[in-house]
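Data block below; observations after.
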Amino acid sequence: MMAMSCKDGGKLGNMDNGKYVRYTPEQVEALERLYHECPKPSSIRRKQLIRETLILSNIEPKQIKVWFQNRRCREKQRKESSRLQAVNRKVTAMNKLLMEENDRLQKQVSQLVCENGYFRQHTQSATLATKDASCESMVTSGQHHATHQHPPRDASPAGLLSIAEETLTEFLSKATGTAVEWVQMPGMKPGPDSIGIVAISHGCTGVAARACGLVGLDPTRVVEILKDRPSWLRDCRAVDVLNVLPTANGGTVELLYMQLYAPTTLAPARDFWLLRYTSVLEDGSLVVCERSLKNTQNGLSMPPVQHFVRAEMLPSGYLIRPCEGGGSIIRIVDHMDLEPWSVPEVLRPLYESSTVLAQKTTMAALRQLRQISQEVSQTNITGWSRRPAALRALSQRLSRGFNEALNGFTDEGWSTIGNDGMDDVTILVNSSPDKLIGLNLSFGNGFPAISNTVLCAKASMLLQNVPPTILLRFLREHRSEWADNNLDAYAAAAVKVGPCSLSGSRVGSFGGQVILPLAHTIEHEEFLEVIKLEGIGHTPEDIIMPRDMFLLQLCSGMDENAVGACAELIFAPIDTSFADDAPLLPSGFRIIPLDSGKEASSPNRTLDLASALEIGVAGSKAANEYSANSASMRSVMTIAFEFAFESHMQEHVSSMARQYVRSIISSVQRVALALSPSHLGSYAGLRAPLGTPEAQTLARWICQSYRCFLGVELLKSSSEGGDVILKSLWHHSDAIMCCSLKALPVFTFANQAGLDMLETTLVSLQDITLEKIFDDHGCKTLCSEFPQIMQQGFACLQGGICLSSMGRQISFEKVVAWKVLNDEESAHCICFTFVNWSFV
């Protein structure tokens with residue numbers, strides 16, 4: 001019998017004579033060193049270690065094997081113990097947070113019960129004297145309260161501190177009390193792994209949102225991040241601290257001026273004149289609260305600023321409490337009056353929706369904290385690679401550059417030039433040195449750096465009955481449907497393309513695009529990627545040897561269940577050096593939903609424009625019901641494109657840019673019409689290509705071939721009509737996907753589970769090969785089984801690991817592969833079923 005010590009590896013039973021062998025400290029040290037080099041050595045490697053390490057020469061290979069087994073066991077136990085401790089701390093903190101939230105809700109219930117009793121009491125008969133006495137008492141009490149609570153409202157330190165303390169009290173009453181009636185935000189699912197507990201206001205002045213969550217950062221670090229609002233709030237243009245006053249309790253009172261970008265070309269930007277109070281509560285919690293300053297005396301007012309509408313921030317802020325074992329519990333309250341009267345009526349839902357505020361501001365703060373916490377806790381983060389801060393900075397620069405072009409502020413050097421008789425597209429130019437410095441380094445590719453002006457063409461349009469996420473996916477995956485590669489090349493090398501070639505036919509050829517994932521946030525709400533446009537001709541000489549062009553692209557708002565979130569596709573040309581400080585000239589699209597209700601569309605509706613256009617307007621009852629549910633779906637799309645050029649070409653370039661944006665608007669309208677519910681096929685919830693006879697035929701072939709080669713039915717309804725078979729196949733729990741018979745097999749079809757497993761769409765599916773989802777070993781195994789599949793008709797493969805299109809690991813129990821025969825008994829494709837798959 002073998003005896004061993006799993007505590008320190010110092011004892012090990014001899015496999016032959018049963019005696020104990022005690023390792024010396026030097027031997028343990030040597031083994032530990034070897035373990036860190038190779039934790040799982042092969043038998044050959046273990047013998048080699050004994051030969052090369054003199055101190056281990058008296059130990060048998062079997063003993064070395066057992067020591068390494070024990071060492072791996074201890075390492076696994078240590079990691080699991082550490083993980084469980086972290087989970088326990090998180091659950092404990094979450095439980096405490098939920099208990100506090102429950103107490104707050106109990107107070108709210110008690111308050112409502114008291115108010116209900118009060119109203120009931122006053123609806124019953126009562127003597128007039130009693131009523132008069134009660135009213136007199138209430139008036140007297142109110143006068144007494146007003147006399148003692150009126151604070152000084154001037155610019156003196158005492159006056160500012162009085163406003164600050166009042167702001168703190170009101171903020172805490174919203175964060176932990178019942179000053180605002182909070183309701184759960186639509187679409188949010190609270191849980192241990194969710195972003196937090198998110199609520200929106202009901203029946204209060206302005207718009208308000210509240211969030212509670214856990215972050216793995218120290219409270220002081222949380223305060224530092226949140227006070228740097230431009231680093232996480234994409235709509236924030238600037239925050240200027242105009243004055244700082246220390247307080248006796250160790251806090252600070254700051255006077256701030258903040259500017260927010262306008263999200264569209266149809267509304268002016270917002271600015272705020274604020275007081276911010278930072279302090280420490282008696283329980284050790286840190287608090288940062290803010291409110292707008294107005295109607296004050298002695299220089300506290302800030303005059304209006306051109307191009308901005310002065311909005312009001314009601315008492316808002318952050319309450320941060322340290323957690324036991326590390327981390328922080330944070331409560332965020334955002335409460336604003338965004339002056340909706342100043343925007344067109346169709347846009348007012350953006351300024352009157354607490355859901356929009358929660359998505360854009362409140363949840364953005366929590367996401368930034370969670371992202372940075374993840375980066376701190378894991379040095380090598382999946383998705384953000386080893387340079388998370390640099391990649392976050394790139395995405396921030398893309399978003400900020402797009403907002404700058406969209407708003408076109410005069411203090412940044414932008415000026416509007418005359419239109420051509422139509423007001424649909426606005427043209428701005430910028431020749432300021434700050435805008436142009438180093439610009440051509442990004443797009444030069446060997447061309448002379450002589451561009452001295454930047455032009456922006458922008459426009460906004462209202463869309464009906466098309467979900468922003470669906471439209472954004474189409475624009476991302478089908479660039480050739482709306483982009484002119486002649487002008488893409490122009491954006492990269494305007495100085496080399498002459499006016500005559502621009503006004504004529506296209507230069508070069510559009511060879512298609514390849515999306516190269518670069519990074520994504522931990523919740524996958526934002527993706528940073530490099531787009532390779534193959535074979536783009538920059539100049540007439542490039543027709544012979546066309547060059548590839550690269551775009552840095554930011555894609556956000558891909559989660560169709562995120563109520564109130566806008567969808568963005570922002571990109572900028574880059575060169576192959578891809579330096580961190582390379583200047584960017586962003587262009588792109590922003591689609592903002594105007595309805596606060598949850599979109600009911602399927603996240604995997606067709607992105608195939610041609611198929612959608614062929615379906616026509618005829619639809620079944622299910623499709624019509626879907627159309628009725630989506631009749632109120634509206635969104636506003638804003639387009640902005642930037643070009644660098646020589647100043648003497650301004651007239652020509654402005655005409656070209658205006659024409660280009662108009663062509664994009666036309667393309668988007670055509671796409672939106674094709675993607676609208678009225679153009680769906682007879683299968684609500686399925687993609688339009690699945691409504692075609694070809695799809696029904698393929699489903700029938702798949703089931704018939706499965707029955708032929710494996711002797712059992714794939715579906716219970718496989719003997720029924722083609723439409724029933726197709727629906728059953730589409731909703732099958734296992735991932736079913738078809739692969740071509742080419743030398744490099746490409747996926748041609750997948751059901752809903754297959755698309756979810758690969759994290760793709762039917763259109764993007766056609767860009768995925770078997771080599772992309774399997775490693776070398778998996779590919780060799782599949783290749784070895786292909787002859788058997790073609791000869792025998794089927795094969796069963798053992799479970800293993802593969803990758804989704806986003807690089808996530810997928811485990812599966814087994815794979816069944818079979819040859820799909822057409823009606824002529826010829827091989828049409830190979831079908832795979834991944835049984836019991838799940839993300840690792």
Checklist entry - Minimum heavy-atom separation for Pro517 to Glu529, with atom names? => result CA-CB, 4.2 Å
Next on the checklist: Does either side chain, that of Ser342 or that of Arg270, offer a donor lying less than 3.5 Å from an acceptor on the other one?
Outcome noted: yes
Checklist outcome for this item: Shortest non-hydrogen pair, Pro586 vs Arg397, comes out as CG-O, 4.4 Å
Checklist entry - Would Glu75 and Arg72 count as a salt bridge (charged side-chain N to carboxylate O under 4.0 Å, His left out) if you check the C-alpha gap in whole Å, the side-chain angles of each, and the deciding distance to 0.1 Å? => result CA-CA 5 Å; Glu75 183 73 14; Arg72 290 194 299 270; over 6 Å; no
Next on the checklist: Tell me which one of Glu526, Glu404, Glu568 satisfies salt bridge (charged side-chain N to carboxylate O under 4.0 Å, His left out) with Arg234.
Outcome noted: Glu526
Item to check | Minimal non-hydrogen separation, Gln368 against Ser231, with atom names | outcome: NE2-O, 3.6 Å
Item to check | Non-neighbouring partners of His307 that pass ring pair (Phe, Tyr, Trp, His ring centres under 6.0 Å), sequence neighbours left out | outcome: none
Checklist entry - Considering residues, nucleotides and ligands other than His202, do more than 12 of their heavy atoms fall under 6.0 Å from its NE2? => result no
Next on the checklist: salt bridge (charged side-chain N to carboxylate O under 4.0 Å, His left out), that's the test. Do Arg321 and Asp283 meet it? Break it down for me.
Outcome noted: CA-CA 8 Å; Arg321 186 175 62 207; Asp283 63 356; 5.0 Å; no
Checklist entry - Do Ser201 and Ser354 have side-chain N/O donor and acceptor atoms under 3.5 Å apart? => result yes
Next on the checklist: Looking at every non-hydrogen atom in both residues, tell me the closest pair between Cys566 and Arg590 and how far apart they are.
Outcome noted: SG-CG, 4.5 Å
Item to check | Met336 side chain reached by Met313 side chain, heavy atoms, under 4.5 Å | outcome: yes
Next on the checklist: If the condition is side chain to side chain donor-acceptor pair (under 3.5 Å), which residues does Arg237 pass it with, not counting sequence neighbours?
Outcome noted: Gln259, Asp411, Glu412
Item to check | Thr362: side chain to side chain donor-acceptor pair (under 3.5 Å) partners, not counting sequence neighbours | outcome: Asp334
Checklist entry - If every non-hydrogen atom of Val207 is compared with every non-hydrogen atom of Leu357, which pair is closest and at what distance? => result O-CD2, 3.6 Å
Item to check | Heavy-atom side-chain contact between Val180 and Arg210 under 4.5 Å | outcome: no
Checklist outcome for this item: Residue set satisfying side chain to side chain donor-acceptor pair (under 3.5 Å) with Thr278, at least two apart, ordered chain then number -> Lys227
Checklist entry - Does Arg808 have any side chain to side chain donor-acceptor pair (under 3.5 Å) partners at least two apart in sequence or in another chain, and if so, which? => result Glu759
Checklist outcome for this item: By ring pair (Phe, Tyr, Trp, His ring centres under 6.0 Å), Phe308 pairs with (sequence neighbours left out) Phe409
Next on the checklist: For Tyr277 and Glu165: C-alpha separation, side-chain torsions, deciding distance, then whether side chain to side chain donor-acceptor pair (under 3.5 Å) applies.
Outcome noted: CA-CA 8 Å; Tyr277 181 34; Glu165 292 292 348; 2.9 Å; yes
Item to check | Intermediate values then yes/no, salt bridge (charged side-chain N to carboxylate O under 4.0 Å, His left out), Arg71 and Glu32 | outcome: CA-CA 9 Å; Arg71 183 64 179 81; Glu32 286 287 348; 2.9 Å; yes
Next on the checklist: Determine whether Lys174 and Glu170 satisfy the following criterion, salt bridge (charged side-chain N to carboxylate O under 4.0 Å, His left out), listing intermediate values before the conclusion.
Outcome noted: CA-CA 7 Å; Lys174 297 175 184 179; Glu170 294 185 32; 5.3 Å; no
Checklist entry - Parallel under 30°, tilted from 30 to 60°, perpendicular over 60°: which one fits the rings of Trp837 and Phe839? => result perpendicular
Item to check | Exercise: identify the closest heavy-atom pair between Phe402 and Ala640 | outcome: CE1-CB, 3.7 Å
